[in-house]
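Hydrogens, waters and symmetry mates are skipped; everything else that's a heavy atom, side chains included, is used. Ligands are counted one by one from 1 in listed order, and the atoms in each one are counted from 1 as well.
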Amino acid sequence: MSIKIQLPMGTKHTDEELAFIREMGVSFSNLNVMPDEATYENVMAVMERYAKYDIAVSDLACPPLQKNASIILGKPNRDVEIDKFIDFIELAAKVKVPIVSVAWQPNGIFRTGVAARPHTRGGRSAYADLKEIEARPVSNDREYGMEEIWGNFHYFLEKVIPVCEENGVRLALHPNDPPVKSLGGVASLIYNTETYRKAFALAKESPALGMKLCVGCWLEGGNQFGNLMQDIRTFCEQDKVLVVHFRNVSSTLPYFEETLSEDGYANMYEIMKQFVACGYQGYMSIDHAFKGYPEMGGMLGACAYPTGHMKGLLHAAEIETRWQNKV
Ligand SMILES: [Mn+2]
């Protein structure tokens with residue numbers, strides 16, 4: 001058993017794209033399903049087609065439910081949206097995919113832009129300047145404070161965790177990105193190790209709530225987020241890590257660029273070795289790639305090099321760890 005490499009995928013890949021993914025030796029996909037496609041028949045048809053290319057679905061996400069402003073901000077229609085979330089969990093169970101994505105980000109990820117910056121070798125990549133982000137007006141009708149946001153999360157957990165437990169489905173909770181206390185006037189749920197612990201405690205330590213351990217977010221926050229190496233060990237030991245986002249950045253906040261794995265400030269080989277040493281056997285993806293070029297495979301083409309680099313680091317880490325264990 002080894003760490004399982006995955007790619008974020010949609011439902012409409014061409015045969016050529018699926019063949020390209022198979023050639024990379026990537027056997028798992030984090031499948032994004034839009035609400036109008038979220039039926040048993042549709043998802044099964046996609047999974048059966050992908051299976052012909054030896055690609056299994058490791059986790060499901062429905063983007064409008066994954067980051068749902070009505071649920072997160074406690075809007076009057078939140079029960080309707082939570083019911084849709086519950087339907088999606090039941091769908092995941094029916095198609096035998098045991099992980100569903102969630103991120104408590106009503107306004108998505110905050111970045112200043114996507115451009116070629118000093119650390120990206122001319123590639124167009126996302127970057128964040130906290131000064132610019134903090135100067136923006138509120139993103140919603142008003143500001144939402146910490147207690148209210150946690151209250152809404154608690155309300156969601158009480159309805160959804162029992163359904164997850166009954167169906168054998170686990171939620172993979174991603175941090176708020178960038179990991180700061182509030183974004184666009186909305187208090188962030190997860191911006192450090194302590195807030196993850198608080199979330200797990202609120203779910204009464206149910207195995208139904210796990211995490212997407214986004215190395216990128218940890219690195220953006222640096223020590224403000226937590227001790228990455230120690231957190232990898234602790235959360236692996238507690239079986240909380242369902243998916244890893246293996247991503248590097250140029251520096252910690254207040255300014256960072258999303259870089260190639262080998263160009264950021266962190267030593268990604270040491271990080272990979274820590275996952276291997278901790279016996280992590282779940283899923284791992286590059287999270288984000290550069291913008292790519294339309295005539296060179298677009299986003300999928302842009303994912304190929306960093307995915308290959310990540311596989312190389314995994315391969316080397318496994319050999320080195322095995323060798324060390326023998327001596
Ligand atoms: Mn991430």
Side-chain angles (χ1 to χ4, degrees), residues 3-10 26 28-32 58-63 65-68 72 99-112 114 120 125-128 130 133 170-180 183 188-193 195-196 199 209-222 224-226 228 231-232 235-236 240-253 256-261 263-266 268 271-272 274-275 280 282-292 299 302-303 306-307 309-310 313-314:
I3 293 171
K4 303 173 186 79
I5 301 301
Q6 63 167 206
L7 264 175
M9 290 172 67
V26 172
F28 297 96
S29 92
N30 153 223
L31 187 67
N32 289 286
S58 49
D59 49 312
L60 281 178
C62 180
L65 294 174
Q66 183 184 0
K67 303 173 185 176
N68 189 288
I72 296 168
I99 301 171
V100 165
S101 303
V102 65
W104 220 245
Q105 307 188 95
N107 305 298
I109 293 175
F110 278 66
R111 292 288 186 267
T112 296
V114 174
T120 60
S125 179
Y127 70 101
L130 200 55
I133 288 171
R170 304 181 73 188
L171 298 177
L173 176 63
H174 190 284
N176 292 71
D177 187 359
V180 291
L183 285 166
S188 298
L189 188 81
I190 304 294
Y191 55 89
N192 59 22
T193 308
T195 46
Y196 259 125
L209 184 65
M211 63 161 68
K212 264 191 199 175
L213 195 163
C214 183
V215 170
C217 288
W218 251 263
L219 295 177
E220 291 162 17
Q224 301 282 319
F225 199 112
L228 174 63
D231 292 339
I232 290 171
F235 290 123
C236 283
K240 292 295 186 195
V241 188
L242 307 183
V243 176
V244 171
H245 280 169
F246 194 77
R247 175 165 66 80
N248 208 349
V249 292
S250 58
S251 58
T252 57
L253 287 164
F256 66 83
E257 298 165 27
E258 297 189 12
T259 67
L260 292 180
S261 174
D263 288 339
Y265 83 89
M268 297 302 276
I271 294 169
M272 182 64 88
Q274 181 71 341
F275 282 108
Y280 177 65
Y283 303 99
M284 182 179 278
S285 84
I286 57 160
D287 197 6
H288 308 154
F290 287 3
K291 191 104 175 79
M299 196 182 103
C303 285
T307 298
H309 188 271
M310 176 173 67
L313 293 183
L314 172 60

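Between His245 and His288, the ring-plane angle classifies as tilted under the 30° and 60° cut-offs.
When the Mn ion (ligand 1) is compared with the N/O/S atoms of Asp287, atom OD2 turns out nearest. Atom ND1 is the N, O or S atom of His245 at the shortest distance from the Mn ion (ligand 1).
For Lys4 and Tyr283, the positive end sits near the middle of the six-membered ring, less than 6.0 Å away and at most 45° from its axis.
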(message) Test side chain to side chain contact (heavy atoms under 4.5 Å, CB included) on Glu258 and Tyr127; report intermediate values, then the result.
(response) CA-CA 6 Å; Glu258 297 189 12; Tyr127 70 101; over 6 Å; no

(request) Decide yes or no on side chain to side chain contact (heavy atoms under 4.5 Å, CB included) for Leu7 and Phe28, but give the supporting numbers first. (result) CA-CA 7 Å; Leu7 264 175; Phe28 297 96; over 6 Å; no

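With a cut-off of 2.8 Å, the Mn ion (ligand 1) has no N, O or S atom of His288 in range. One of the N, O or S atoms belonging to His174 lies under 2.8 Å away from the Mn ion (ligand 1).
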